[in-house]
Amino acid sequence: MKRLTRSRMSVLLAAALLVTGCGGGGDDDNSAASTGLDSLDGKPPVFAYGFDDSAAGPAPAPEGAVAGGTVRVYDVIDYQHLDPARIYSSHEGVVSQLITRTLTGYRQNGDQIDLVGDLATNTGVTKDKGKTWTYTLREGVTWEDGTPITSADVRYGLERTFAKEYTEGPTYLQSWFADSENYRKYYDGPYSGKSLKNVTTPNARTVVLKFNRPRPDVPFALAMPAGAPVKKSQDTRGKYTLDPFASGPYKISSHKVDKSMTLVRNEAWKAESDPIRTAFPDRWEFSFGELPLQTNQRLIAANGEDQAAMTVIDNVSPEVLQQVVSTPELRARTIAGYTPYASTEVINTKRITDLKVRQALMYAYLRQQVRQILGGPTHGDFSSTIGSPTLVGWEPNDMWNVPPEGDPEKAKQLLAEAGKPNQRIVYAYGNLPRGEQIAVAVVAGLERAGFQVVKKPINPKTASDELSDPNNKFDLYSLAWGADWPSGATVYPVLFDGRRIGRGGFNWSFLNDPKINSEIDEIELITDPVEAGKRWAALDRKIMALVPVIPDVYVKSMQLYGPKIGGVFQDTLHGRVSLNTIFVKP
């Protein structure tokens, strides 16, 4: 018997990004728009999401693929977390797939994206509409030491996500198991010697997950790194994030934090057990710390070993964008597309409690200038909703009709109505050259509208920990959020459920509205994703009426790679280049 949601989730999504309020016009088009990339070849993204429970290894090889060689990856920052319990950013998720396998995963073929069994033989079986899920591990799946991956390892990996040490990862499974956001009171992890009663392992290859109520999205949650097994004897706890024990095709041979990381083959991995990863390169060499512009200049020149180099985090820098898109040889070495991300400026509602002041911030914010710094229309389309159009059920809505260039007079009027002219704002931004450029534009817009602004640069690597602190001393900061799977269930509860406020969480606006919380509970129980999508869209409007964020853009990406890199496509779920099919051309 299969779960209820199978056929319903085979939804063809026409993500109508181009019909949103993106009428920037004006002077925000002196670089990217003139290249013709404002619509990314004029093709709106259309993705078909479905399930393939017959998927088996080896994964399909891209045309011309050959084994061998070394891929070099240059990125501005290191990957802070590779411990599956602590991964929540897309770039860490992409790299993690080289090292760590999960129970389920995604296999993408063009616009067709299927959820498949990764370590498991299928995406899961339920006999009670999602209250119980059963998974069977594939035969022949092993750890890097050649020992079998067992159901006990899966159980231990899930138990570990409850431990207080791991605050950075997603919390879907934990809160579903506990039926509460306060899941650590329900279970505090395996280090106290206790087991999670919701997970049973009747034999070495079978895992049974039990919940108090139907949880139809369990197969999607298990595709995140938090659904990975961890071998108890190899658990180094705080150090695990630097050197996780490999279940994927590669293992870490060295990792010098903020400088470099080397991956070599995991000889115990078997291609016939893996329907997702091709693992053609012999070796991956990662280097960190070089600014994106320098990296892009190296990739453009493509000298020596840079011919087989690429980025995971860094997009094409605005400074070289015109050169890249107007040079056929360079344009052919780019991967571009829409991402599941919608970027916002978050307003700290614990500090900015007056709705009119929050509205004034929204009218004062210079979206057009910020987008131009980030690459113009190539960076994304102006947004007016919290959720991205890539979500099932997304609906366009422009409740406040704020022009991209802002409306300082309207902002001043709102501040006057609030009785708070010269309102002081503490603006936090990433301490990188691009962050400084953006900060200058944002501050200019706010001051033009009558705010007094204090700039506070913060370390991008630790920003997540710092900004999630409910006692942070900042009023305004950026957050780009992409759905973990194409459902509002991975957006609105994470960002606006007041019961999820806390360090390591992502309710950075600290909005805690009982009506919003209650409606989230109602929608999460809807098993029909199309009906749930309509309710999430309605909730988007209710949240926007409270202005906890300023919608910025629906994000696109464009990344450059060397001429000897093959098998390149965009991982639509992560909005980044996929590493699963990369090979080095002879």
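No experiment lies behind these values; they were computed from the predicted model shown. Side-chain atoms are counted along with the backbone in the values below, which use heavy atoms only and exclude waters and symmetry mates.
The line from NZ of K231 to OG of S247 is 11.5 Å long, rounded to the nearest 0.5 Å. Rounding to the nearest 0.5 Å gives a distance of 4.0 Å between CD1 of I582 and CE of M310. Expressed to the nearest 0.5 Å, how far CZ of R576 lies from CD of Q570 amounts to 8.5 Å.
Classified by interplanar angle (parallel below 30°, tilted 30° to 60°, perpendicular above 60°), the ring pair W485/Y172 is tilted. Between F288 and H255, the two ring planes are tilted [angle within 30° to 60°]. Ring-plane geometry between F474 and Y477 is classed as perpendicular, the angle between the planes exceeding 60 degrees on a 0 to 90 degree scale with a lower cut at 30.
Under a 4.0 Å N-O distance rule, the pair R138/D274 does not qualify as a salt bridge. Contact check on E92 versus R86 returns no salt bridge, with no Lys/Arg side-chain nitrogen under 4.0 Å from an Asp/Glu carboxylate oxygen. Ion pairing of R237 with D83 is absent here, as no side-chain N (NZ or NE/NH1/NH2) approaches a carboxylate O to less than 4.0 Å. Salt bridge annotation for R434-E319: present, with a cationic side-chain nitrogen under 4.0 angstrom from a carboxylate oxygen. Classification of R503 and D465 as a salt-bridged pair fails, no side-chain N sitting under 4.0 Å from a carboxylate O.
The side chain to side chain contact (heavy atoms under 4.5 Å, CB included) search around A120 returns L103, Y135, not counting sequence neighbours.
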